[in-house]
Structure formats: C-alpha cells, structure tokens
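Report on the structure given below.
Whatever order the structure lists them in is the order used to number ligands and atoms, beginning at 1.
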Amino acid sequence: MELHIAKDPAQLSENVAAWISNYIQEVLQDQEKFTFVLSGGSTPKQLYSLLAKPPYAEIIPWEKIHFFWGDERAVPFEDERNNARMAFDVLLDKVPVIPENIHVMRTDIGPEQSAAEYEQILRKYFKDEELTFDLVLLGMGDDGHTLSLFPGMPVVHEEEAWVKAFFLPAQDMYRITLTAPVVNDAACVLFLTTGANKALTLKSVIEGTFDADKFPSQLIRPQDGELHWFVDEAAASAMEL
Ligand SMILES: O=C(O)[C@H](O)[C@@H](O)[C@H](O)[C@H](O)COP(=O)(O)O
C-alpha cells in the first residue's frame, strides 16, 4: 500500500489528476483500451472537473477509455444523487469519450435486474482476462464504507457475485454495488479521502485491527494490483506517521 498525503483537497485533486493521467498513458503503451471505474460521493467532483480541462482534457486518449461505476444509488439518472449523473455533468459530457464505452449501472429498471445486467456486462468484458479493471477510484465514508459496502450489511461478505443490489434502510434506498472480490482483481485501486471528519476512521482502516463488518474499506486489498491512498493532511491527522 502506498500513502500519498497532500496539503488540502485542492492540492490532492491536482496530484491525483496528474497521477491518473500519467498512469493511463503508461498503461496504454502496452494495450489498446483502458478500463476506469468511477466512484460516487462528493470528493471526486473536483478531480473530475480538473480532468475535463486542459491539459488533461487534451492529453488523455478519452476514446480508448471504458468507464464503469463502483456503485450507484437507485434513483433516476435525473436525480442529483445519481452517481453517474454527477460524472456526466462534470466530466463525461465535456470530453470526447465514446458513448458506447460508458457503462452505467441502470436505474430505469429494478435494482436486482440492474445488478444482474451489470454483472453480465462485466463477465463478458473480462472473460479471458486475469485482472479486471485497470483503475478503480474509490471513496471512503465517515463510517468506513466504500463502494456501497456499508458496515454490518451482508453484501460486505459477498464472495461470488461481482455486482449486488440491496436495500439500505439507513438511507431508505436501494444500492447497486461492485463487490470486494471484483475490485480486488483490479490492476490498481486508488482511494481518495479528505477531511478531519474522516481522520479517526482512516486511522482504524489503515492502522487498526482487521474488522470488515465495522470498516468495509479494509476489504479492499488488490491481490496482484496496486493500492494507493490519496488523502489530505486533515484526513491523515490521526495516523502515526
Ligand atoms: O455512492 C456513494 O455513496 C459512494 O460511491 C460512496 O462509497 C462514497 O465514495 C463514499 O461515501 C465517500 O463519499 P464522499 O466523497 O461524499 O465523502
């Protein structure tokens, strides 16, 4: 695991944009397409808007990138809580991506059906490959969740399915999420976390005892891939560095 600490959220977004842009270009020297899993939540918004502007808008070969999502809130695309909607507004509508390469988790059908359909898309896409995604971007909630793997929910222990839908009582909402095993088969996973409100949880996730029910983010440990935590000083403030 590699920890990268930036002064503040703005600096962090700058660092991550540069890092991602280099990584994409490096990977595309050896392969024709790149698979990028976007995360929801509010933290990546600044990063997405940087990627949509020069120099990144021009140097990233957008037409070679396939976009996926780590999780989705089962609300209509028009709803501002929809994770895909945010990514379209800030990034995907602004750069020359190929529409067929954007794979949203559908919310115009039932959540279970959407999860099953997404799993099919992924299994077909990765059928002969050892690793799955080239890059998975993740966030961490104050409670230690990542993706829609919330503390105490059975989905945390899912080992077979790559995609699951379930009802989240705390938010009175269905969620659709990738599961830990498919993310742990990725070539590179990058967490983006900011703010003092996440400092204690971050310390527990990184330095604490393993307890996936309490801190589902601890489940993310790529088997053969890289794991990077990009955090700001406030989020890192409780760790013993
Ligand atoms: O749909 C979601 O809620 C997410 O994808 C979720 O896992 C998110 O990444 C974290 O909750 C962090 O969210 P913030 O960046 O808003 O703190």
Side-chain angles (χ1 to χ4, degrees), residues 6 8-10 12-13 16-17 20 36-51 67-77 79-92 103-107 111 114-115 118 133 135-153 155-156 158 162-180 182-184 186 189-206 212 214-220 227-232 234-236:
D8 53 32
L12 184 73
S13 300
V16 176
I20 287 179
F36 189 172
V37 178
L38 300 178
S39 72
S42 53
T43 316
K45 212 165 171 179
Q46 209 171 358
L47 164 68
Y48 295 166
S49 63
L50 280 176
L51 292 175
F67 290 93
F68 295 89
W69 272 265
D71 73 326
E72 189 53 276
R73 299 137 182 212
V75 293
F77 183 78
D79 189 312
E80 60 179 27
R81 292 168 298 171
N82 186 284
N83 284 338
R85 161 75 193 276
M86 186 276 273
F88 270 90
D89 283 353
V90 188
L91 173 64
L92 302 175
H103 310 278
V104 299
M105 289 175 163
R106 291 177 61 185
T107 57
S114 174
Y118 213 64
F133 309 103
L135 179 61
V136 180
L137 188 64
L138 295 178
M140 183 194 75
D142 302 13
D143 60 355
H145 83 263
T146 189
L147 301 156
S148 284
L149 308 178
F150 286 87
M153 299 301 290
V155 67
V156 164
E158 179 60 44
W162 284 7
V163 190
K164 279 298 250 191
F166 66 97
F167 185 70
L168 183 61
Q171 293 183 10
D172 193 24
M173 179 196 278
Y174 275 89
R175 291 278 189 145
I176 305 156
T177 187
L178 299 186
T179 60
V182 70
V183 170
N184 283 335
V189 179
L190 196 157
F191 271 95
L192 198 58
T193 304
T194 63
N197 53 322
K198 294 188 180 173
L200 288 176
T201 305
L202 185 66
K203 177 183 171 59
S204 300
V205 168
I206 293 186
K214 214 163 163 204
F215 301 110
S217 296
Q218 289 180 329
L219 283 169
I220 306 303
L227 175 61
H228 295 267
W229 279 85
F230 279 86
V231 309
D232 71 348

Checklist line | From CG (Leu91) to CG (Leu50), nearest 0.5 Å | finding: 10.5 Å
Next item on the list: Around atom 9 (O) of ligand 1, find the nearest protein heavy atom and jot down its residue, atom name and distance.
Entry: Gly139 CA, 3.4 Å
Notebook entry, point to check: Would you say His145 and ligand 1 have an N/O pair spaced under 3.5 Å apart?
Noted result: yes
Next item on the list: Quick one: look up the protein heavy atom nearest atom 3 (O) of ligand 1 and list residue, atom name and how far away it is.
Entry: Arg73 NH2, 2.8 Å
Check: How long is the span from the OH atom in Tyr48 to the CG atom in Leu38, to the nearest 0.5 Å?
Finding: 4.0 Å
Margin query: Out of all atoms in ligand 1, which are within 4.0 Å of some heavy atom of Gly40? Include the element for each.
Written below: 5 (O), 9 (O)
Checklist line | Arg175 near ligand 1 by a heavy-atom separation under 4.0 Å | finding: yes
Margin query: If I take atom CG from residue Leu178 and atom CG from residue Asn184, how far apart are they, to the nearest 0.5 angstrom?
Written below: 11.0 Å
Next item on the list: Quick one: look up the protein heavy atom nearest atom 13 (O) of ligand 1 and list residue, atom name and how far away it is.
Entry: Gly41 CA, 3.7 Å
Note to self: So for ligand 1, is Leu147 a polar contact partner (N or O within less than 3.5 Å, distance only)?
What the structure shows: yes
Next item on the list: Compute whether any side-chain donor of one residue and acceptor of the other, for Ser148 and Asp71, lie under 3.5 angstrom apart.
Entry: yes
Margin query: For ligand 1 and Asn83, I'd like to know whether there is a polar contact (N/O to N/O, distance under 3.5 Å).
Written below: yes
Next item on the list: Starting from atom 15 (O) of ligand 1, find the nearest protein heavy-atom neighbour and note its residue, name and distance.
Entry: Thr43 OG1, 2.4 Å
Margin query: So if I apply the ring pair (Phe, Tyr, Trp, His ring centres under 6.0 Å) rule between His103 and each of Phe36, Phe68, Phe133, which one comes out positive?
Written below: Phe68
Check: Just distances here: any N/O of Thr146 and N/O of ligand 1 closer than 3.5 Å?
Finding: no
Check: For the atom pair OG (Ser13) and CG (Leu51), what is the distance rounded to the nearest 0.5 Å?
Finding: 9.5 Å
Note to self: With a 3.5 Å distance limit and no angle check, can you tell me whether Arg73 reaches the backbone of Arg81 through a side-chain donor-acceptor pair?
What the structure shows: yes
Margin query: Among all the protein's non-hydrogen atoms, which is closest to atom 17 (O) of ligand 1, and how far away is it?
Written below: Lys198 NZ, 2.5 Å
Item checked: Rounded distance (nearest 0.5 Å) linking atom CE of Met86 with atom OG of Ser39 -> 6.5 Å
Checklist line | Side chain, backbone, both or neither: Asp71 near ligand 1, heavy atoms under 4.0 Å | finding: side chain
